[in-house]
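When reading the values below, keep in mind they use all heavy atoms of this one structure, side chains included, and skip hydrogens, waters and symmetry mates.
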Amino acid sequence: MSETFTAAALTHETWSDLEQLFGRPGGSIVRGCWCMYYRRSGKVLVNSSAGKDNKQQLRELAGRHTAPGLIGYLDGLPVGWISLGPRDDYLKLRRSPVMKPVDDADVWSIVCTYVDKAHRGLGLQHRLLSAAIDFARDNGVRMLEAYPVDKPERSHDDFMFFGSRSLYEQAGFTEVVRRSPSRVVMRRRLRPHRRQTS
C-alpha cells in the first residue's frame, strides 16, 4: 500500500510539525541551523547553543505572508523540509564565491532540502522539489535557482542539504555557471499555470 505524500507551507500552524521533524534522531545539524545560515550575513553559528536563536528567527519568518519553505508529509507524518524564497532573502549568497548572483534576474533560491533519516531512499527529495516548484509558480515566480553538489563520489547524507545535480536535472533545471569543481548553479524557468476554461 503506497503512502500519500503532501506538502504544506511553514506557518505558525505547521510550526510544531517542523519541530517534530527536526527533533528526531539524525537531525542534529538542522537543529543547530534551522535554515538560517544563508539567510543572515556575517558569522552565523549553527551549533546546539546557537540553535535557539536560529530557531526563533525561523519561527518569526513562518509568520510572514510568503512562507520560508515547505514541510513534506507521508500520510500526515512530517518527513521532509525544503527551504526556498526570493534570492534577496538569503543574504549570505551575495558574497558566496560559489552561489553569488549570476545576474540581476528576479529569481527564487532553493537552498536546503532535508529528509528524516528513517525515510531516506524513498525519493522524497524529488517530491519535495516538485512541491517547491508548484509553490513558487503559485507565488508568481518565473525563475528558480539551486546550488547542488556535483561530484563523482557520493557525499555523506549530512552534507547533501543542497541536493545533487541529478535531483535538479530530473526536475528540468539546467546548469548556468560552475564556480567550483563540486558545485554548480542551476536554474529552471517556470511557466504560469494554465488557466482553466469553462
Worksheet item: Nearest 0.5 Å, what's the CD-CE distance between Glu175 and Met186?
Response: 7.0 Å
Worksheet item: Measuring from Arg39:CZ to Lys92:NZ, what's the distance to the nearest 0.5 Å?
Response: 13.5 Å
Fill in: Check: Thr14 side chain, Asp17 main-chain N or O, donor-acceptor pair, under 3.5 Å
no
Worksheet item: Are any non-hydrogen side-chain atoms of Ser109 and Leu93 less than 4.5 angstrom apart?
Response: yes
Worksheet, complete the sentence: Residue pairs passing the side chain to side chain donor-acceptor pair (under 3.5 Å) test with at least one member in residues 24-36, sequence neighbours excluded, are Arg24-Asp116
Discussion item. How about CZ on Arg189, more than 12 heavy atoms from neighbouring residues, nucleotides or ligands closer than 6.0 Å, or not?
Written reply: no
Could you tabulate the donor-acceptor pairs under 3.5 Å formed by side-chain atoms of residues 99-107, not counting sequence neighbours?
from: Asp103; atom 1: OD1; to: Ala105; atom 2: N; distance (Å): 2.9
from: Asp103; atom 1: OD1; to: Arg187; atom 2: NH2; distance (Å): 2.9
from: Asp103; atom 1: OD2; to: Arg187; atom 2: NH1; distance (Å): 3.0

Worksheet item: Are any of the side-chain heavy atoms of Leu58 and Pro68 separated by less than 4.5 Å?
Response: yes
Discussion item. Let's go through Ser83 and Tyr90 carefully: what are the C-alpha distance in whole Å and the side-chain angles of both, what is the deciding distance for side chain to side chain donor-acceptor pair (under 3.5 Å) to 0.1 Å, and is it a yes or a no?
Written reply: CA-CA 10 Å; Ser83 174; Tyr90 295 94; 2.9 Å; yes
Worksheet item: Is there a side-chain contact between Val184 and Phe173, using heavy atoms and a 4.5 Å cut-off?
Response: no
Discussion item. If you apply the rule side chain to side chain contact (heavy atoms under 4.5 Å, CB included), what do you find for Trp15 with Lys55, and how did you get there?
Written reply: CA-CA 11 Å; Trp15 176 258; Lys55 179 179 179 179; 3.6 Å; yes
Worksheet item: Does Gln170 reach the side chain of Leu129, with side-chain heavy atoms less than 4.5 Å apart?
Response: no
Worksheet item: So how far is it from Leu77 CG to Glu3 CD, rounded to the nearest 0.5 Å?
Response: 8.5 Å
Worksheet item: Within the side chain of Thr11, is there an N or O that forms a donor-acceptor pair under 3.5 Å with the backbone of Glu13?
Response: yes
Worksheet item: Going hydrophobic residue to hydrophobic residue with side-chain gaps under 4.5 angstrom, can you get from Ile71 over to Phe161?
Response: yes
Discussion item. Please tell me whether Phe162 and Tyr38 form a close aromatic pair, meaning their ring centres lie under 6.0 Å apart.
Written reply: yes
Worksheet item: Between Leu74 and Val30, is there a shared hydrophobic cluster once you connect ILVMFWY residues whose side-chain heavy atoms come closer than 4.5 Å?
Response: no
Response to the item:
When rounded to the nearest 0.5 Å, the distance separating CD1 of Ile82 from OH of Tyr114 is 14.5 Å
Practice prompt. Could you tell me whether a side-chain N or O of Arg178 sits under 3.5 Å from a main-chain N or O of Pro181, the two making a donor and an acceptor?
Written response: yes
Discussion item. Count I, L, V, M, F, W, Y as connected when their side-chain heavy atoms are under 4.5 Å apart, and connections chain through other members. Are Leu84 and Met36 then in the same cluster?
Written reply: no
Worksheet item: Hey, are the side chains of Val115 and Leu128 touching, using non-hydrogen atoms and a 4.5 Å cut-off?
Response: yes
Response to the item:
Rounded to the nearest 0.5 Å, the OG1 atom of Thr113 sits from the CG atom of Leu70 at a distance of 12.0 Å
Worksheet, complete the sentence: So CZ of Arg142 and CZ of Arg191: to nearest 0.5 Å the spacing works out to 11.5 Å
Discussion item. Less than 4.0 angstrom from a charged side-chain N to a carboxylate O is my criterion; do Asp89 and Arg64 meet it?
Written reply: yes
Worksheet item: Linking I/L/V/M/F/W/Y whenever any side-chain heavy atoms sit under 4.5 Å apart, do Leu124 and Ile29 land together?
Response: no
Worksheet item: Is there side-chain contact between Leu18 and Trp81, with at least one heavy-atom pair below 4.5 Å?
Response: yes
Worksheet entry | In one Ile/Leu/Val/Met/Phe/Trp/Tyr side-chain cluster, 4.5 Å: Ile110, Phe5 | yes
